[in-house]
Each structure stands twice: as structure tokens, then as C-alpha cells.
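One structure is given below, encoded as C-alpha cells.
Labels below follow one simple rule: chain letters A, B, ... track the order of the sequence lines, proteins then strands, and each chain is numbered from 1. Bear in mind that the values here come from a model prediction, so they are computed numbers and not experimental data.
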Number of protein chains: 2
Amino acid sequence: MPTGAKSRRVYLSLLERISAGRLEPSQKLPGEEQLAEDFGVSRVTVRRALDALAENGFLTRRAGSGTRVRPRSTAPQQVTMDFSTLLPQLVEIGRKTEVRLLSSRIDQPPEHVARALGLEPGETVQIARRTRSIGGTAYSHLTTFVPARIAAGISDADLSSEPLHVLLERNGVKIADARQSVSAALAGPEVAATLGVPEGSALLSLDRIVRDAGGRGVEFLSGLYRPDMFRLDMSLTRVDHGGGRHWEPAITPLEETPR
Amino acid sequence: MPTGAKSRRVYLSLLERISAGRLEPSQKLPGEEQLAEDFGVSRVTVRRALDALAENGFLTRRAGSGTRVRPRSTAPQQVTMDFSTLLPQLVEIGRKTEVRLLSSRIDQPPEHVARALGLEPGETVQIARRTRSIGGTAYSHLTTFVPARIAAGISDADLSSEPLHVLLERNGVKIADARQSVSAALAGPEVAATLGVPEGSALLSLDRIVRDAGGRGVEFLSGLYRPDMFRLDMSLTRVDHGGGRHWEPAITPLEETPR
DNA sequence: GAAAGCTGTATCATTGATAATACAATTAAC
DNA sequence: GTTAATTGTATTATCAATGATACAGCTTTC
């Protein structure tokens with residue numbers, strides 16, 4: 001992403017048009033001189049924005065020929081979290097995903113985590129930072145908080161290999177339900193570095209509170225995902241119900257996955 | 001958001017810590033001089049970042065006293081889209097939401113929209129841009145594409161008042177199902193202006209393809225949402241199914257909404 | 001009320017981004 | 001090939017962001 005103010009504005013403006021589909025794939029952009037006039041900036045500034053867009057894979061440039069919108073087919077390998085199948089956990093597309101443990105420690109949780117899990121004042125948690133990758137590229141940055149009393153038997157080696165659900169259930173935890181909230185966040189320097197995205201790019205953010213049969217919080221997950229590599233899909237059906245018509249999540253059995 | 005490069009970096013770095021909860025609400029930050037040394041920049045640059053964070057509601061500053069993380073209670077009015085109730089459409093929290101029509105026209109759709117809806121080559125669509133607001137503040141920017149043959153009877157007045165589903169069903173369309181995909185995107189100048197957020201901030205992005213009973217696409221929605229005002233919530237239950245344990249969307253009847 | 005610590009404000013030198021211009025290299029069309 | 005349009009590269013001048021420093025004003029603490 002360009003560092004300067006004007007070039008950044010041009011960058012975002014063009015990115016907006018590309019993302020919204022107003023600039024079609026393979027479509028030729030106006031010349032640099034024309035764009036400079038359109039935006040009211042100099043050609044140098046336009047070039048900075050176009051260079052950055054090209055570097056981030058949105059455009060292809062060729063001397064003499066012009067600048068074109070890169071078709072989406074060039075997009076990196078994708079991972080989809082799908083709620084329409086009975087497997088809302090990670091479904092791998094292509095290859096399996098790999099986990100890497102960045103750090104783990106026992107510490108006091110942030111206040112909002114303690115509240116969400118319903119912890120006693122002063123109670124500690126195991127805080128683990130991990131990434132999930134596909135094809136060698138990290139697509140998510142996960143921070144998990146597990147009450148220390150529950151996490152007792154979970155080693156760093158465990159964290160590097162198995163999903164946390166599995167580890168918890170192996171520890172005798174009866175996982176009952178989870179509540180997720182999806183939002184968006186900017187990539188700060190640390191996360192940007194681990195995910196290999198430019199600082200200040202948009203990430204999908206997902207918070208998940210997992211509870212056991214007794215209603216006690218057993219895990220708080222805070223995940224950040226690269227939007228170009230990760231999608232959250234949902235299917236809905238329109239059903240009659242009582243007085244009016246409503247939407248309802250569609251649940252497709254795994255055996256007959258559509259597409 | 002700061003325009004310069006270094007101040008922007010400080011801004012994002014602090015925002016990252018606040019969002020992740022590593023800087024607790026009401027917690028006092030190190031002094032400006034200390035922060036300047038930590039980040040290896042001058043105090044002027046730190047101030048720019050802090051000023052911007054304060055202006056965007058993340059910090060409170062008081063001369064003589066210090067700078068503190070603002071508790072989340074000050075957050076603007078929120079809207080939640082909840083999949084755990086039987087109303088995955090918009091559920092209003094507090095007041096109702098208002099619609100404003102920005103523009104509408106009949107035109108050729110972008111290629112990816114035509115493909116998603118399964119349109120004939122050259123077929124036109126009604127393209128409408130709208131915002132939804134709550135308490136006078138816009139929290140979403142919606143662009144909808146409806147095949148022109150279906151949208152025939154839909155006027156601008158209709159678009160300004162009713163949800164599109166209702167209008168379509170009034171036109172005799174039998175809506176059967178929808179497929180949604182959630183992601184994140186940066187706010188470009190246009191959208192940033194209509195949503196009242198700084199350019200380059202992170203937005204939740206939602207694409208929805210609505211199909212009728214015959215499997216034909218009747219609506220393509222591309223929505224951008226302010227993450228501080230809009231959340232997408234989902235509840236899951238852990239169920240035994242066949243060989244192993246799976247996650248499944250929890251569906252709570254409206255009559256007994258939990259919390 | 002004195003002291004310490006903090007934010008608010010101002011100044012000036014320095015560094016980096018932007019503008020304006022010119023020209024070279026590449027490509028596509030005729 | 002020649003032409004026209006395009007991107008790539010370079011130079012210099014101008015303007016905006018940053019750095020360094022100093023000091024004023026507000027808060028809390030003792």
C-alpha cells in the first residue's frame with residue numbers, strides 16, 4: 001500500500017472500483033495521464049498507486065500495452081468455512097491446512113475475555129497464538145484463551161498439531177455450544193507480518209466463545225483471516241412459518257454436498 | 001486516520017493492541033514521550049496517531065492527566081444480524097432502521113454478477129445503491145442487482161421504503177434460497193463518505209445471491225457494513241452424528257430468544 | 001502550594017512525497 | 001516500417017510530513 005496520502009487515495013479509489021466489479025476483469029484502464037487528470041494528481045502519484053495495486057495482484061501492467069484488471073483466477077488458494085454443510089469447522093479445499101504455534105503462556109486474560117468466559121476474578125488462562133496455513137501461506141492468525149485449570153494437560157506440541165476442540169474433548173471437557181461473532185479489522189504491523197499482507201489491509205475478524213455442558217466458558221477464540229484466502233459461506237432457505245415467510249439456515253447433509 | 005506513513009504505523013499498532021484487548025479499557029497509556037521512544041519516532045508523530053485514535057473514539061485524552069483507552073460502552077448504537085434466531089434478516093436493536101436510496105438505474109451488470117445470477121449475455125439489470133441507517137447514522141452501503149425483466153414494477157419510491165425481498169415477492173417472485181459469503185474490504189473514498197468512516201478503514205463485506213424456486217438468480221446483493229455498528233452472530237451446537245462429533249447451527253425459535 | 005508528570009502549542013530544520021516536465025522503451029494497429 | 005499510444009525512467013522544484021526542542025497549561029500527588 002502506498003505510504004503517501006494522495007497516492008493512497010488513488011489506490012483505495014481504484015481498489016474500490018475493482019472490488020465492486022465496476023472495473024471488469026481484463027478491462028483496460030485509462031492511461032496514466034488520463035487517470036492523473038481524473039484524480040487531479042500528477043502522473044507520478046498515479047504510478048505509485050498502480051504499482052502498488054499491481055504488486056498486490058489486482059492489476060497487470062505492460063509497457064506499451066497498458067494496465068488491465070487481473071482476473072480473479074490468479075487468486076491464491078482458498079479456504080472456505082461453510083455453514084451449509086454439517087461441518088462448520090474448517091473444510092479444506094485442495095490440501096490440508098497446517099498449524100504453527102507462535103507463542104503460548106499462562107497469564108491474566110483481558111477483561112472482555114474474562115467476562116465472556118465467566119471467569120473468577122484473578123483466574124488465569126492459557127494464551128496461545130497460532131497461524132493456520134495452506135500451501136505454505138498463512139491465511140489466519142488465531143489467539144485462543146483457555147482457563148488454566150482446563151488447559152493443564154495441553155502442551156505446546158499439542159497446540160502445534162491438533163485443533164483446540166479435539167484437545168479439550170480429550171481432556172474430558174464436554175463441549176456443548178459456541179457463539180460466534182463476525183466482524184472486520186485492520187491489519188496491524190504484527191499480524192500483517194505473520195499473514196504476509198500489507199499493513200492496514202482489511203481482515204475478517206471472528207470471535208468465538210465455546211461453552212461446556214454446564215454453560216461454563218472453556219475457550220475464547222479471536223481469529224483474523226485474510227479475506228482473499230478465506231471465506232465464510234452460508235446458505236439460507238425461505239420457509240413459511242406461522243404468519244409470514246422467514247429465512248432459515250440451510251443444512252445440507254455431507255453425503256450430498258451440492259455445487 | 002493519519003495521512004503520513006510513520007504516524008499511520010503508530011496508529012495501526014496501537015489500534016491492534018486495543019482491538020486485541022492487550023490494552024485494557026480505562027487503562028492508562030504510557031506518556032507521549034515514552035511512546036515516542038518505544039516506536040522510535042518523534043513525539044509529534046505519536047501525537048498525530050493519538051489524536052486520530054481519540055477522534056475515532058478509541059481513546060480519551062486529558063491535559064495533565066493522561067491518555068486512556070475508552071471503554072466500549074461508548075460504542076455507537078448497534079445492529080445485529082443473528083442466525084440463531086429464525087430471523088436472519090435484519091433484527092433491529094433499539095429503533096428501526098431507515099433506508100435511503102442513493103441511485104438506481106438499468107444497466108449491464110459486472111461480469112461476476114451476471115455469472116452468479118446466470119443471466120443471458122447482454123441481459124440488463126436494475127442496479128440500486130442504498131444505505132441503511134440507525135439513529136441517523138448509516139451502518140451499511142448496499143448495492144443490489146435485479147434482472148430488469150423482474151424489476152419492471154419496482155419504482156424508486158419502492159426501493160426507498162421496502163426491503164428488496166418484499167418487493168420481489170410482491171412482484172410474484174417465489175424466493176427459494178440464498179447463498180451468502182462474508183469477507184472484509186477497505187473503505188474507498190465513496191463508501192467511506194456515505195458511511196461516515198475514515199477512508200481506508202475496515203468494513204465487513206457480504207455478498208448474497210438469491211434464487212427463486214426454479215433456481216434462477218433474482219437478486220445479487222453486495223453489502224458493506226461498519227464493523228463498529230454491525231455484527232453477524234451465529235450460534236453452534238456440538239452434536240453427535242454418525243462416526244464423530246460435529247458442529248451444527250443452533251436454531252432458536254423466536255418465542256424463546258435467549259441471552 | 002509545591003512538585004512531578006502529563007498533554008497542548010509553537011518554532012524551525014530536515015526529510016520525504018508530490019508536481020511538472022522531458023524523453024526512452026515497449027506494444028499494437030495500420 | 002511507421003505511427004500512435006502506452007508504460008518505464010530521470011530530473012528538478014515545491015510542498016507536506018517528520019524530527020528536535022522549548023515552553024505553557026492542566027492534573028494529580030504529597
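When DNA chain C is scanned in the 5' to 3' direction for atoms under 4.0 Å from non-hydrogen atoms of chain B, the outermost contacting nucleotides are C:dG5 to C:dT9.
In this structure, A:Lys28 does not reach the D:dT6 phosphate: none of its side-chain N or O atoms is under 4.0 Å from OP1 or OP2. For the pair B:Ser7 and D:dT18, the criterion of a side-chain N or O lying under 4.0 Å from OP1 or OP2 is met. Residue A:Thr67 has a polar side-chain atom (N or O) positioned under 4.0 Å from OP1 or OP2 of D:dT7.
Looking at which nucleotide of DNA chain C each of A:Ala63 and A:Val41 is closest to, the 5′-most match is held by A:Val41. Between A:Ala5 and A:Leu50, the residue anchored closer to the 5' end of DNA chain D is A:Leu50, taking for each the nucleotide with the nearest heavy atom.
Pairing each heavy atom of A:Glu111 with each of A:Arg115, the nearest pair is OE1-NH2, 2.7 Å. The two atoms that bring B:Thr137 and B:Arg226 nearest to each other are CG2-NH1, 3.6 Å, heavy atoms only.
Distance A:Lys6 NZ to D:dA17 C1': 13 Å, rounded to the nearest Å. Rounding to whole angstrom units, CD of residue B:Glu37 and P of D:dT21 are separated by 13 Å. Between the P atom of D:dA10 and the CZ atom of A:Arg48 lies a distance of 14 Å, rounded to the nearest Å. The distance from atom CZ of A:Arg43 to atom C1' of D:dT11 is 14 Å, rounded to the nearest whole Å. Look at CD on B:Glu32: it is 15 Å from P on D:dT18, rounded to the nearest Å. In this structure, B:Glu33 places its CD atom 11 Å from P of D:dT21, rounding to the nearest Å. B:Arg61 has its CZ atom 14 Å from the C1' atom of D:dC26, to the nearest Å.
Over its full length, the helix from C:dG1-D:dC30 to C:dC30-D:dG1 turns its helical axis through 40°, comparing axes from the five pairs at each end and rounding to 10°.
The pair B:Arg43-B:Glu33 fails the salt-bridge criterion, with no side-chain N (NZ, NE, NH1 or NH2) lying under 4.0 Å from an Asp/Glu carboxylate O. A salt bridge does not link B:Glu199 to A:Arg8: none of the charged side-chain nitrogens sits closer than 4.0 Å to a carboxylate oxygen. Using a 4.0 Å cut-off between charged side-chain N and carboxylate O, A:Asp51 and A:Arg61 make a salt bridge. Ion pairing between a basic and an acidic side chain is recognised when a charged N comes within 4.0 Å of a carboxylate O; B:Glu190 and A:Arg17 show no such pairing. Classification of A:Arg132 and A:Glu98 as a salt-bridged pair fails, no side-chain N sitting under 4.0 Å from a carboxylate O.
Other residues, nucleotides and ligands place no more than 12 heavy atoms under 6.0 Å from the CZ atom of B:Arg100. No more than 12 heavy atoms of other residues, nucleotides or ligands shown are found within 6.0 angstrom of CZ on A:Arg216.
Among the nucleotides D:dC26, D:dT28, D:dG8, the one closest to the side chain of B:Ser65 is D:dT28.
Residue-level contact check: B:Arg62 touches the backbone only, with heavy atoms under 4.0 Å from sugar-phosphate atoms and none from bases.
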